[in-house]
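A quick note: this is a predicted structure, and the numbers were derived from the prediction, not measured. Positions are given from 1, in the same order as the sequence printed here.
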Amino acid sequence: RSMRAVFDHSWRLLSKDERTVLKKLSVFRGGFRAAAAKAVAEAPLPMLVGLVEKSLLHRTSEGRYQMHELLRQFAAEKLQENSAENEQAHDRHSAHYTAFLHERGEALKGAEQKQAAVDLDLEIGNARAAWNWAVEHLRVQRLDQAVSGLCYYFVWRGRYQEAEGACQMATDRLVRDHLAERPVVRPVERLRVWAHILAWQSFVDQYVGHGERAVQRAEQSLALLNQTKMANKKYTYLSRDAQDVSPGPTIDTREVRAFALLQLGDAMAVSVGSENRQLYEQSLALYRDLGDRWGMAKALHGLGGTAASWGAFDDARHMLGESLVLRRALGDKRGMVFPILILSSLSAKQGQLEEAEHWARESMTIGSEVGDRNYLAAAHAVLGLAFLWQARFSQAQTVFQEGLKCFDDFESANVNLLRLGTALMKTHQGRYGGALEQAKKGLFLAGEMAHRWQNANFLWVLGSVALAEEKYAEAREYFQ
């Protein structure tokens, strides 16, 4: 009650303009910069300075403005007294930060990616609030604009559940509109953004090991995109005031289709083991048509990985090299890691062990610079394997142990690859008890993630140990 009295007293001392601005500033979450206050709340800098002097705002050393949470709630109540003003403020906030998500999401793909991630760290509260408002009010163009930046950031930071939750909230809302007697969104627009979000859900699924669900969602995405052609022909757009009916514009789905094809190729490579070269080629053709170098690099990476799995090492090196050239040109250090990891693996398979170690060390350096735990786990695994193939067991053991210790609280396919390397090393050393422990745990996790390649390799380790211990029937079962 005493705090409420203080706020009421301070409120009465404010001018009308100050009250209006303070109400609108309540829509921010976690603070804001002066430029955002100007765009969202029409707050000039002198007024922000005045509110700081009156202790209603606090300016941090980084130049951000913050409002005490209890004061923010008080101001939000005042804003809600005028429904039109409340909706306008939230809508402007949503527009500003969904555009911010798009801009910073694009920066995550290039030379500014590290700073972009830091910027998103600071603004993620605002970004989530903007996304939630766009979902609830079916601002589908904003969702389409923001989904890439939001999901890529969450994956970058290992916040997979938040990515899944944000996407699922949006798909649930789109489904409700689809089933409504009088839908708000034009069908072709709904189908496109729905497909886009599903493709990003497939991307997230692959990071958390839900391989089969990743395949299903990528296939659903492509199926929805195929419906957009029919929707363009069949439906007309009913305006919100229901006073006119007019055909809507054709929606360009190439970018979403290219991304969905890419996700289906990646997901099938892990969980199904099916032919996926055609998917990557279709994705690459679309990305070339769009002039999207980041997408081209991703598709070439997929083609290189596919060629490597067939044993077509020269083709794999060529395509991975192309991918790496594009990544370097973009300044996309994060994206450079996996082509380098595959090149390290290829070098090891071809007996070029020093080259394998060189690539592995480069991936470790880049992974450390980027600060992505998932990629860093993969870099540890590949460097350890490079040592293992050279029979440098003590160095391999150090790398594997360091990796498992660093990522003990973080499960992914790449962390499980560290477990596989440890099991292989212990098998080579004749330390069969330790090999069995790592292989059994890794096999269970690979099964949970539907990771067929890891499944096969852990079974091979178990079979090798059984063979070494002269348990021939058991070994045959594992190998089969």
Just by distance, with hydrogens left out, do [X] and [Y] show a side-chain donor and acceptor under 3.5 Å apart?
{"X": "Arg139", "Y": "Ser94", "result": "no"}
{"X": "Asp205", "Y": "Gln201", "result": "no"}
{"X": "Tyr280", "Y": "Asp266", "result": "yes"}
{"X": "Gln216", "Y": "Glu212", "result": "no"}
{"X": "Asn416", "Y": "Gln454", "result": "yes"}
{"X": "Asp91", "Y": "Gln88", "result": "no"}
{"X": "Arg159", "Y": "Tyr153", "result": "yes"}

### Task
Apply the test salt bridge (charged side-chain N to carboxylate O under 4.0 Å, His left out) to residues Arg64 and Glu123: give CA-CA distance (whole Å), side-chain angles for both, the deciding distance (0.1 Å), then the verdict.
CA-CA 10 Å; Arg64 291 175 61 79; Glu123 299 289 4; 2.6 Å; yes
### Query
Does Lys24 pair with Glu18 as a salt bridge, N-O distance under 4.0 Å?
no
### Query
If you measure from the Lys or Arg side-chain nitrogens to the Asp or Glu carboxylate oxygens, is any gap between Glu69 and Arg72 under 4.0 Å?
yes
### Query
Under 3.5 Å, is there a donor-acceptor pair between the side chain of Arg327 and the main chain of Gly335?
yes
### Message
Can you tell me which residue among Arg334, Lys114, Lys333 is in a salt bridge (charged side-chain N to carboxylate O under 4.0 Å, His left out) with Glu369?
### Response
Lys333
